[in-house]
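Below you'll find the structure, written out as C-alpha cells, and then a few comments.
We number each residue from 1, following the sequence as shown.
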Amino acid sequence: MEIKDTFKTIASPSTEILFKEKNSKFFGYAFPVINEEEIKLHLEKLRKQHFGAVHFCYAFQLGTESIQFRANDDGEPSNSAGMPIYGQIQSFGLTNVLVVVVRFFGGVKLGVGGLISAYRTAAQMALEESEIIEKTIDIHFLVSFDYKNMNKVMRVIKERNISIISQKIEEGCIIEIATRKKNADTIFDIFSSLFEVEIKKI
C-alpha cells in the first residue's frame, strides 16, 4: 500500500474578501498556520483591525497524521458559522489552515439558514483567493558519527537527495536530516547499516 505523504495547504495569507448579505458585511480571511499560537495572533490582529465588528467566527485544521480542528461560532447561533467555515476547509482538502469570517451586523436578521450560507460563501471566497500548494510530510532523523565517517554519510545524503536541516560538525558530528515519509524507512535502514553511524528518529 502506498503511503500518503503529501498534504494541501495555502502558500500565504489570502487577500481580504467582502461578502454582503442584507446590509451585513462578512470579511473573509485565510491564513497558513502550524500551531495554536499563530492562530491566536491572527485573531488578535483581526480584532484590532475590525474594532466594532460583532462576530469573529473561525475554523482551523492542523496536522497531517493526527488532525486537530476547531470551529467557533463566536456568539452566532450554534453551528451556523464555525461549522460552515470548517466545511469549506474540508471541501478544499486543506490542513494547517485558519479561516476567519468577521461580521458587521447590518440591522437585518438573516436567520440560521441565511447565516450558514453567508459564512460558507465568505469562507469559500477567501479560500478561492488563496494559492493552494502541496507539501510533503517529512520525517526528521538525527544522524551521529565520527568525523572520519563524514564522506560516507554525505554520499548517502547526496545520492538520496536528503535535506539537511542543521549540522554540528566537530570530532563527533550530528546532522539533522529530513526525508519524505514514504522514503523514511529506507533511509533509516541505509544509515543503520553503515558501520559506526547512528540514526534516530526525532
So do the side chains of [X] and [Y] get within less than 4.5 Å of each other, counting heavy atoms only?
| X | Y | result |
| --- | --- | --- |
| Gln88 | Arg120 | yes |
| Val99 | Leu127 | yes |
| His140 | Ile165 | yes |
| Lys148 | Glu196 | yes |

[atom1] of [X] to [atom2] of [Y]: how many Å apart, nearest 0.5 Å?
| X | Y | atom1 | atom2 | answer |
| --- | --- | --- | --- | --- |
| Asn149 | Met154 | CG | CE | 13.0 Å |
| Asn72 | Ile85 | CG | CD1 | 9.0 Å |
| Ser163 | Asp138 | OG | CG | 6.5 Å |
| Gln90 | Met83 | CD | CE | 6.5 Å |
| Asn96 | Ile34 | CG | CD1 | 7.5 Å |
| Leu115 | Glu21 | CG | CD | 9.5 Å |

Does atom [atom1] ([X]) have a neighbourhood of more than 12 heavy atoms from anything else shown, all under 6.0 Å?
| X | atom1 | value |
| --- | --- | --- |
| Asp189 | CG | yes |
| Asp146 | CG | yes |
| Tyr147 | OH | no |

Legend entry - Salt bridge present between Glu176 and Lys168 (N-O < 4.0 angstrom):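 No, no charged N to carboxylate O under 4.0 Å.
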Inset, instruction - Inspect the contact between Glu44 and Arg47 and indicate whether a charged nitrogen and a carboxylate oxygen are less than 4.0 angstrom apart. - result: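 Looking at Glu44 together with Arg47, the answer is no, because their closest N to O distance does not fall below 4.0 Å.
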Examine distances only and state if a side-chain atom of [X] and a backbone atom of [Y] form a donor-acceptor pair shorter than 3.5 Å.
| X | Y | answer |
| --- | --- | --- |
| Ser192 | Phe188 | yes |
| Thr6 | Thr136 | no |
| Asp73 | Glu76 | no |
| His55 | Asp74 | yes |
| Thr9 | Thr95 | yes |
| Ser14 | Ala30 | yes |
| Ser24 | Gly106 | yes |
| Lys152 | Val197 | no |

Are [Y] and [X] connected in a single hydrophobic cluster, I mean Ile/Leu/Val/Met/Phe/Trp/Tyr linked by side-chain heavy atoms less than 4.5 Å apart?
| X | Y | value |
| --- | --- | --- |
| Ile157 | Phe195 | no |
| Val143 | Ile202 | no |
| Met150 | Ile199 | yes |
| Ile190 | Phe145 | yes |
| Val101 | Phe69 | yes |

Inset, instruction - Kindly determine whether Phe191 and Phe141 satisfy ring pair (Phe, Tyr, Trp, His ring centres under 6.0 Å), including the steps that lead there. - result: CA-CA 10 Å; Phe191 281 111; Phe141 295 111; 8.1 Å; no
Legend entry - Chi angles and distances behind the side-chain contact (heavy atoms from CB on, under 4.5 Å) call for Met125, Phe19: CA-CA 8 Å; Met125 286 165 69; Phe19 174 70; 4.0 Å; yes
Inset, instruction - Please write out which residues are connected to Leu62 in a hydrophobic cluster, directly or through intermediates, given that two of Ile, Leu, Val, Met, Phe, Trp, Tyr count as joined at side-chain heavy-atom separations below 4.5 angstrom. - result: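 For the cluster that includes Leu62, the remaining residues are Leu18, Phe27, Tyr29, Phe31, Val33, Ile39, Leu43, Leu46, Phe56, Tyr58, Phe60, Leu98, Val100, Val102, Phe104.
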Legend entry - Option from Arg180, Lys135, Lys181, Lys182 for which side chain to side chain donor-acceptor pair (under 3.5 Å) with Asp5 holds: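 Of all the options given, the one that passes is Arg180.
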Inset, instruction - Verify whether the ring centers belonging to Tyr119 and Phe26 lie closer than 6.0 Å. - result: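 Distance test on ring centres: under 6.0 Å, yes.
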How close do [X] and [Y] get, heavy atom to heavy atom, and via which atoms?
| X | Y | value |
| --- | --- | --- |
| Arg160 | Thr186 | NH1-CG2, 4.0 Å |
| Ala126 | Gly28 | CB-C, 3.8 Å |
| Gln61 | Ile89 | CB-CG2, 4.2 Å |
| Ala122 | Ile17 | O-CD1, 3.4 Å |
| Ile187 | Ile177 | CG2-CD1, 4.1 Å |
| Ala184 | Ile139 | CB-CG1, 3.8 Å |

Inset, instruction - Please step through side-chain contact (heavy atoms from CB on, under 4.5 Å) for the pair Gln49 and Glu16, ending with a clear verdict. - result: CA-CA 12 Å; Gln49 188 183 328; Glu16 174 184 282; 3.6 Å; yes
Inset, instruction - Output, in order, the C-alpha distance, side-chain angles, deciding distance and verdict of side-chain contact (heavy atoms from CB on, under 4.5 Å) for Ile116 and Asn79. - result: CA-CA 8 Å; Ile116 289 172; Asn79 293 333; over 6 Å; no
Legend entry - Glu36 side chain to Gln68 side chain, donor-acceptor N/O pair below 3.5 angstrom: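 Result is yes, a qualifying pair exists.
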Inset, instruction - Would you tell me whether Glu198 and Ser144 have side-chain atoms, one donor and one acceptor, within less than 3.5 Å of each other? - result: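 Result is no, nothing qualifies.
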